[in-house]
Colleague: 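Would you mind keeping the following structure in view while I ask a few things?
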Amino acid sequence: QVQLVESGGGLVQAGDSLRLSCAASGRTFSSYDMGWFRQAPGEERKFVAHINWSGGYTYYADSVKGRFFASRDNAKNTAYLQMNSLKPDDAAVYYCAAKPASVVLTTQVSRYDYWGQGTQVTVSS
């Protein structure tokens, strides 16, 4: 079991930056790939970013590429999502998720085994 707790969300203006954190406890954090997803009201949960177990590989949704950056500190059992140049369309509840480390990249919600409770990001125009 892995427990995940997100933090760092809030209300910002368009163009601002936020950094989300995802603190993990339980099993060895470095055994897991991490994903970031978001869900806006009335919409399905969507993939945002993926970072592999070592932090050496990242992958992003086209909508955030070049603006969002995933990282992790395995010594601190924490993953991060740096979000820059935020837009109103980025507003959503953001979730971090974990799955056992694998060479297979996946953007599918169903492939991730553990989820945090989510943190709200609101972007005003």
Side-chain angles (χ1 to χ4, degrees):
Q1 286 279 354
V2 177
Q3 292 78 42
L4 304 173
V5 178
E6 300 99 336
S7 61
L11 170 62
V12 297
Q13 293 186 332
D16 285 351
S17 297
L18 272 178
R19 188 177 79 157
L20 305 183
S21 297
C22 174
S25 61
R27 296 285 183 92
T28 305
F29 181 61
S30 58
S31 299
Y32 293 87
D33 297 332
M34 298 298 295
W36 288 94
F37 293 79
R38 67 187 182 187
Q39 187 168 20
E43 297 186 8
E44 62 183 15
R45 194 168 297 187
K46 297 178 181 178
F47 170 79
V48 173
H50 165 96
I51 183 166
N52 78 330
W53 66 274
S54 69
Y57 180 78
T58 54
Y59 181 80
Y60 301 94
D62 287 344
S63 58
V64 306
K65 201 171 294 182
R67 299 189 298 122
F68 288 16
F69 300 94
S71 62
R72 64 191 295 162
D73 185 336
N74 286 344
K76 295 183 177 180
N77 291 345
T78 304
Y80 305 97
L81 184 68
Q82 177 67 42
M83 306 186 296
N84 301 326
S85 303
L86 282 161
K87 306 174 182 179
D89 284 350
D90 295 320
V93 177
Y94 281 72
Y95 298 89
C96 64
K99 68 174 187 66
S102 168
V103 297
V104 178
L105 166 69
T106 179
T107 63
Q108 297 180 40
V109 170
S110 62
R111 297 291 187 178
Y112 287 82
D113 297 324
Y114 305 102
W115 292 83
Q117 83 288 354
T119 186
Q120 178 72 51
V121 173
T122 304
V123 184
S124 64
S125 57

Colleague: Considering non-hydrogen atoms only, spot the tightest contact between Lys99 and Arg111 and give its length.
Modeller: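 Heavy atoms of Lys99 and Arg111 come nearest at CB-O, 3.6 Å.
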
Colleague: Tell me, do Trp115 and Arg45 make a side-chain contact under 4.5 Å, heavy atoms counted?
Modeller: yes

Colleague: What distance separates Thr58 OG1 from Met34 CE, expressed to the nearest 0.5 Å?
Modeller: 14.0 Å

Colleague: Can you name the closest pair of heavy atoms from Ser125 and Ala14 and give their distance?
Modeller: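 Residues Ser125 and Ala14, closest heavy atoms: CA-CB, 4.3 Å.
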
Colleague: Is the NZ or CZ atom of Arg19 both under 6.0 Å from the centre of the six-membered ring of Tyr80 and within 45° of that ring's axis?
Modeller: yes

Colleague: Is the side chain of Arg72 donor-acceptor paired with the backbone N or O of Trp53 at a distance under 3.5 Å, no angle test?
Modeller: yes

Colleague: Using only atom types and a distance under 3.5 Å, with no angle test, would you say the side chain of Gln39 pairs donor to acceptor with the backbone of Ala92?
Modeller: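 Here the side-chain-to-backbone pair does not exist.
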
Colleague: How many angstroms lie between OG1 in Thr119 and CG in Leu81, if you round to the nearest 0.5 Å?
Modeller: 11.0 Å

Colleague: What pair of heavy atoms forms the shortest contact from Val12 to Leu18, and how long is it?
Modeller: CG1-CG, 3.7 Å

Colleague: Using the rule that two of Ile, Leu, Val, Met, Phe, Trp, Tyr join whenever any of their side-chain heavy atoms come within less than 4.5 Å, decide whether Phe29 and Val2 are in one cluster.
Modeller: yes

Colleague: Going only through I, L, V, M, F, W and Y residues with side-chain contacts under 4.5 Å, is there a path from Val93 to Leu20?
Modeller: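 Different hydrophobic clusters.
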
Colleague: Determine the interplanar angle of the Phe68 and Tyr94 rings, folded into 0 to 90°, and report it as parallel if under 30°, tilted if 30 to 60°, perpendicular if over 60°.
Modeller: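 Phe68 and Tyr94: tilted rings.
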
Colleague: Side chains of residues 100-107: which donor-acceptor partners sit under 3.5 Å, not counting sequence neighbours?
Modeller:
| residue | atom | partner | partner atom | Å |
| --- | --- | --- | --- | --- |
| Ser102 | OG | Val104 | N | 2.9 |
| Thr106 | OG1 | Gln108 | N | 3.1 |

Colleague: Over 60° means perpendicular and under 30° means parallel, so tell me whether Tyr59 and Tyr57 are parallel, tilted or perpendicular.
Modeller: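 Rings of Tyr59 and Tyr57: parallel, as their planes differ by under 30°.
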
Colleague: Can you see which heavy atom on Ser30 is nearest to which on Asn74, and at what distance?
Modeller: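 Looks like CB-ND2, 3.5 Å.
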
Colleague: If you count every heavy atom of other residues, nucleotides or ligands that lies below 6.0 Å from Lys65 atom NZ, does the total exceed 12?
Modeller: yes

Colleague: Can you measure from CZ (Arg38) to CE (Met83) and round to the nearest 0.5 angstrom?
Modeller: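 If I round to the nearest 0.5 Å, the distance is 9.0 Å.
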
Colleague: Quick one: pull up OG in Ser25 and CG in Leu4 and give me the separation to the nearest 0.5 Å.
Modeller: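 Reported to 0.5 Å precision, the distance equals 7.5 Å.
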
Colleague: Look at the side-chain heavy atoms of Ile, Leu, Val, Met, Phe, Trp and Tyr, link any pair under 4.5 Å apart, and say whether Val48 and Tyr60 land in one connected group.
Modeller: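 Same hydrophobic cluster.
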
Colleague: Can you tell if the side chain of Ser21 reaches within under 4.5 Å of the side chain of Lys76, non-hydrogen atoms only?
Modeller: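 Sidechains of Lys76 and Ser21: no contact.
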
Colleague: Do Val64 and Tyr95 belong to the same hydrophobic cluster, where Ile, Leu, Val, Met, Phe, Trp and Tyr are linked whenever their side-chain heavy atoms lie under 4.5 Å apart, directly or via other members?
Modeller: no

Colleague: With a 4.5 Å heavy-atom cut-off, do Tyr114 and Tyr32 have their side chains touching?
Modeller: yes

Colleague: Quick one: pull up SG in Cys22 and CG in Asn77 and give me the separation to the nearest 0.5 Å.
Modeller: 10.5 Å

Colleague: Between Glu6 and Gly118, is there a donor-acceptor pair closer than 3.5 Å when you use the side chain of the first and the backbone of the second?
Modeller: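 Such a contact is found between Glu6 side chain and Gly118 backbone.
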
Colleague: Does the side chain to side chain contact (heavy atoms under 4.5 Å, CB included) test come out yes or no for Glu44 and Val109, once each step is laid out?
Modeller: CA-CA 10 Å; Glu44 62 183 15; Val109 170; over 6 Å; no

